[in-house]
Amino acid sequence: MNVLVVGGAGYIGSHCVRQLQAAGHHPVVLDNLVYGHRAAVADDVTFYQEDLGNRPAVTKILTEEKIDIVMHFAAFINVGESVHAPLKYYANNVGNTIQLFLAMTDAGVNKFVFSSTCATYGVPDTLPLVEDLPQSPINPYGSTKLHVEHILQDLARSGAISSAVFRYFNASGAADDGSIGEDHTPETHLIPLAIDAATGKRGALKIFGVNYPTPDGTCLRDYIHVDDISRAHIAVFDQLEEPNKFIHYNLGTGKPTSVREILDAVEKVTGLPVPAEEAPRRAGDPPSLYADNTKARTELGWEPQHMDIESTIATAWKWHQSHPDGFADPKD
Ligand code: UFG
């Protein structure tokens, strides 16, 4: 398949491009490089530096590259920022995505795979999270993703676009060979921050909240390897052959891991202590989020390969060791 990977120079998108190549597909990357990294995309992949909201340009690329499927990873993802600057999030995550849908309809492309998030569920009443629980996001970031899910349902009903929506839990880790990995500015995610604290690149890791109603008082999350996420995106292709299709899947391991357990695992993998200090809760953090992933496993035949948090952290550590300054200053 010819696949346009929108946001293919970002963290999850760039790993997906690798997996597409490995599976014999032909990825083409579109990224405006506001947050993505050109070095995250191999030289043998066709690359367009372009805004997804530029409808004429995107229509031309879709047509000239004979694209069969569009995958969309290009979103702003900082929950805290979305609370302070909601319009920035709605303009990009919803407004520009609508322009992308218009370009697809102009070019006659009718298959779409969307990066959604467990943040669309808000604070769940029951765990693990199954796909048909009510979706009630507690921040603008989650709301923007839910808006796009609703648009996709309407587009499926109208026959314009068939889509698969993946609600990611906590994307983590890096390519097994350590050649690409996570490089966000600013970095807000627990595992890279804990590695930076261990190596002395940053000060002590702040544990946001130690009195949650969880076994050790810190938040529980479901850390799913970025390559496992990517593999699901390819496993879903057959489902998109049907017109009027709208399907959605949780992508998580199903295993809850606490903040303290992550710090212990980082210490074990790196062999370094992680300096940490207790800090107040971070606004907008639900106490516990972990997936029921039965639907993806049974319907897509998908199985996460990295079920052990230490194996996921080991890939992040390998990436960090070879690229201590991320893509900006690679050692190799
Ligand atoms: N945490 C700390 N200290 C830090 C950073 C994080 O204690 O310095 C804690 C958080 O409070 C949370 C856990 O570590 O309990 C994980 O935090 P991350 O920021 O790594 O990830 P989130 O669970 O907040 O966010 C992820 C995605 C978001 C998505 C969200 C859905 O990164 O894009 O899951 O809940 F919206």
Next item on the list: Determine, using ring centers only, whether F76 and H84 are less than 6.0 Å apart.
Entry: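 Ring-ring flag for H84/F76: false, centres at least 6.0 Å apart.
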Check: Any luck finding a side-chain donor-acceptor pair between S179 and D177 under 3.5 Å?
Finding: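 Looking only at side-chain atoms, D177 and S179 do form a donor-acceptor pair, the distance falling under 3.5 Å.
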Check: Any chance the side chains of H225 and T315 put a donor and an acceptor closer than 3.5 Å?
Finding: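 T315 and H225 do have a side-chain donor-acceptor pair below 3.5 Å.
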Next item on the list: Could you list who else is in V269's hydrophobic cluster, with ILVMFWY side chains joined at under 4.5 Å, directly or through other members?
Entry: L190, I191, L193, I195, L205, I207, V210, Y223, V259, I262, L263, V266, L272, V274, I309, I313, W317
Show which side-chain atoms of residues 106-113 pair as donor or acceptor with protein atoms under 3.5 Å away, not counting sequence neighbours.
from	atom 1	to	atom 2	distance (Å)
D106	OD1	R55	NH2	3.1
D106	OD2	R55	NE	2.7
D106	OD2	R55	NH2	3.2

Next item on the list: Give the minimum heavy-atom separation between M71 and C16, together with the two atoms involved.
Entry: SD-SG, 3.8 Å
Notebook entry, point to check: Can you list the residues that meet the ring-ring contact (aromatic ring centres under 6.0 Å, His included) rule with H184, with sequence neighbours excluded?
Noted result: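 Per chain and number, H184 pairs via ring-ring contact (aromatic ring centres under 6.0 Å, His included) with Y11, H189.
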Notebook entry, point to check: Can you name the ring-ring contact (aromatic ring centres under 6.0 Å, His included) partners of Y90, sequence neighbours left out?
Noted result: H147
Side-chain donor/acceptor pairs under 3.5 Å, residues 133-146, sequence neighbours excluded:
from	atom 1	to	atom 2	distance (Å)
Q135	OE1	R167	NH2	3.4
Q135	NE2	T120	OG1	3.0
Q135	NE2	E149	OE1	3.3
N139	OD1	Y141	N	3.4
N139	OD1	G142	N	2.8
S143	OG	N139	O	3.3
T144	OG1	N93	ND2	3.2
T144	OG1	Y141	O	2.6
K145	NZ	S115	O	2.8

Next item on the list: Return the set of residues passing side-chain contact (heavy atoms from CB on, under 4.5 Å) with L127 (not counting sequence neighbours), or none when no residue passes.
Entry: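 Only P124, L129, S288, Y290 meet the side-chain contact (heavy atoms from CB on, under 4.5 Å) criterion with L127.
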Would a hydrophobic clustering, with Ile, Leu, Val, Met, Phe, Trp and Tyr connected at side-chain separations under 4.5 Å, put [X] with [Y]?
X	Y	value
L152	Y168	no
F166	I229	yes
V94	L52	yes

Checklist line | Intermediate values then yes/no, side-chain contact (heavy atoms from CB on, under 4.5 Å), F327 and I180 | finding: CA-CA 8 Å; F327 288 104; I180 54 172; 4.0 Å; yes
Notebook entry, point to check: Can K268 and E261 be counted as an ion pair, charged N to O under 4.0 angstrom?
Noted result: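 Answer for the salt bridge query: no.
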Note to self: Can you confirm whether more than 12 heavy atoms, excluding those of K88, are under 6.0 Å from its NZ atom?
What the structure shows: yes
